Amino acid sequence: MNENDLLNLKYNSYEQARLEMTRLLKERKSNYSLPQPLYNDPFMFRVDMEEIFQKEWLFVAMTCEVPGKGDYITVEIGQNPVLIVRDGEGNINAYHNVCRHRGSRICTKHRGKVANLTCPYHQWTYDLKGNLLFAGTEMGDSFDKSAHGLKKAHCKTAGGFIFISLAAGEPTNIDGFLEDLERYMEPYDMVNTKVAAESTLEESANWKLVIENNRECYHCSGSHPELLRTLLEWDDTNDPRATPEFLEHYQAQAEAWDAEGIPHEHVSHGLRNRIVRMPLKKGTEVMTMDGKNGCSKTLGRIKNRELGSMRILHLPNSWNHMQSDHVIVFRVLPISAQKTLVTTKWLVHKDAVEGQDYDPKRLTEVWDATNRQDRELAEQNQLGINSVGYEPGPYSETFEFGVVNFLDWYAESVLANTNQQEASNTSLDEEQVVAVE
C-alpha cells in the first residue's frame, strides 16, 4: 500500500468498504462521475480486483507473441502471476504461474522459450500442458504427481488476440464477440505479424480514470495535436456530433471497403465490446505524423492503404486501432488504487525489416506523444479527485457518452458479480448448517 493509498484509507475493513461500494453503485447517477472512494480507496480497489479483474475476460497479449512450441509470456493481474504458453499441438494455454510445491513463480522473465516449465526454487518440472513431470526423489512413494499439475486459467483466442479469465467457475460468455472479432480481423492475417515496438507507462491514477480518458475525445482538441493530424474524433456514424461532411466521407470509404470485402458494419455486444471501422482524415493513410504509411508492407490481404482505423473496445482493459500497414493494441492493468500500467504494442507484417520497411520512431511517435499526454491528464484528474473539494460531476451526453457506457458496464458488472458471490456464500453457509445438524 503506497502513501497515497494510506492517505485515502476511509474504511476500517474490507467488508465495510465492500458494503459501502455496493450502496454507492446502486445509488449513483449514471451520467455523473463516481463518488471519490471508488477512485482512490484501497479497500474498494480490492473489490475491483476481485469482482472485475479476477472474474471478467481480460486482454493480455497477441498470439504472434507466442509463435511456436514452448514460447511463453507472463503477466501480472494484481497479485496473480499468470503464464501463457503454446504447447506442442499449437494450442495456447494459460496457467497460474505458481509452482504446486511451495508456490514460487515458475517463469520469472517477461517472455521466453522453454522445452518444459521448471521452477527455479526446487526444480519441480511441468510439461507445456501443465502436467507435473518431476518432483525430485524426496516426496515419498505415496506422492501423486498427477494431482499436482499447474492450475489452469480460462483462455480463449480470436483474431490474433489472447484473452484470459481468472474466474473460479465458468466466466461470462463472450463467444459472440470472439466470432465477430475473428471475422473482422481476418483481412489482417495476424498469424503473420510481429511486435515491432512496445512501451509501458506507469500512471499515478486509478484504472477507471485511464479507461474514462480513452472513452471520450472531449479533451482531444486541447491535448492531442499529434493524434488529430489524422484522427477524426467521431466515434461512429451514430455519433450525435457527426457532420454531413463526415457522413459523406464515411459513405465513400464504405464503398471502398465493400469493394475490397472488408467488414465495417458497427457491431456491439452489450456495453463491454464494440467493433467499428472509421475513416481517418481525407488523404491520410495511417496514424503517423504526416499521415503516410508507417510500414512499406501492408497486412494480410489489404491493398487499400486508406483503410482508416478499425477500433476495437474490450472492457475492462483494452482499446485498439487496426490500420492498413500496422495495428496498435493497448492493455490496461491496475497496480493499486492509484497506480495503473498502460502497455502499447505496435505490430507489423512479420517479414517487415526494421530500418528498411519501417522506422520504429516514425511508427510510434504519434501514440507515444498521445500516451504521455493522457498520462498527465489522468494523473491531474486523480490529484483533483483526491481533494476534499471533489464531488461527482456531470458528463456530456454528446461528447462523453462512451464514459457513461463504461461506468454503466462497470457498475452493473460489480453488482452482478458481488450478488453471485453473496449467493454462493449463502449456499455454502446453508450446506454447513445442514452438515452440522
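The structure displayed is predicted, hence computed values, not measured ones.
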Taking atom types as modelled and ignoring hydrogens, do the side chains of [X] and [Y] form a donor-acceptor contact shorter than 3.5 angstrom?
X	Y	answer
Asp374	Asn213	yes
Asn206	Asn40	no
Glu391	Gln36	no
Asn417	Glu56	yes
Asn304	Ser324	no
His224	Thr370	no
Asn386	Gln382	yes

Can the ring centroids of [X] and [Y] be said to lie less than 6.0 angstrom from one another?
X	Y	value
Trp346	His326	no
Tyr250	Trp234	no
Trp319	His314	no
Tyr32	Tyr395	no
Tyr39	Trp207	no

Between Asn192 (side chain) and Asp189 (backbone), is there a donor-acceptor pair under 3.5 Å?
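Looks like no, no N/O pair under 3.5 Å.
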Donor-acceptor pair, His266 side chain versus Arg277 backbone, under 3.5 Å?
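Such a contact is absent between His266 side chain and Arg277 backbone.
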Could you check if a side-chain atom of [X] sits within less than 4.5 angstrom of a side-chain atom of [Y], using non-hydrogen atoms only?
X	Y	result
Phe161	Met62	yes
Lys303	Thr298	no
Ile162	Ile84	yes
Val267	Tyr184	yes

Between Arg301 and Glu186, does a salt bridge (Lys or Arg N to Asp or Glu O under 4.0 Å) hold up when you go through it step by step?
CA-CA 9 Å; Arg301 62 176 177 84; Glu186 176 272 327; 2.9 Å; yes
Between Asp175 and Lys156, is the salt bridge (Lys or Arg N to Asp or Glu O under 4.0 Å) condition met? List the steps.
CA-CA 9 Å; Asp175 289 347; Lys156 291 179 180 287; 3.4 Å; yes
Which pair of heavy atoms, one from Glu50 and one from Lys55, lies closest together, and at what distance?
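Minimum heavy-atom contact is O-CG, 3.4 Å.
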Holding to disulfide (SG to SG under 2.5 Å), I want the full list of residues that pass it with Cys155, two or more places apart in sequence or in another chain.
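In terms of disulfide (SG to SG under 2.5 Å), with neighbours along the sequence ignored, Cys155 is linked to no residue.
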Evaluate the salt bridge (Lys or Arg N to Asp or Glu O under 4.0 Å) criterion for residues Glu376 and Arg372: first the C-alpha distance (whole Å), next the side-chain angles of each, then the deciding distance (0.1 Å), finally the verdict.
CA-CA 6 Å; Glu376 176 68 14; Arg372 290 193 299 270; over 6 Å; no
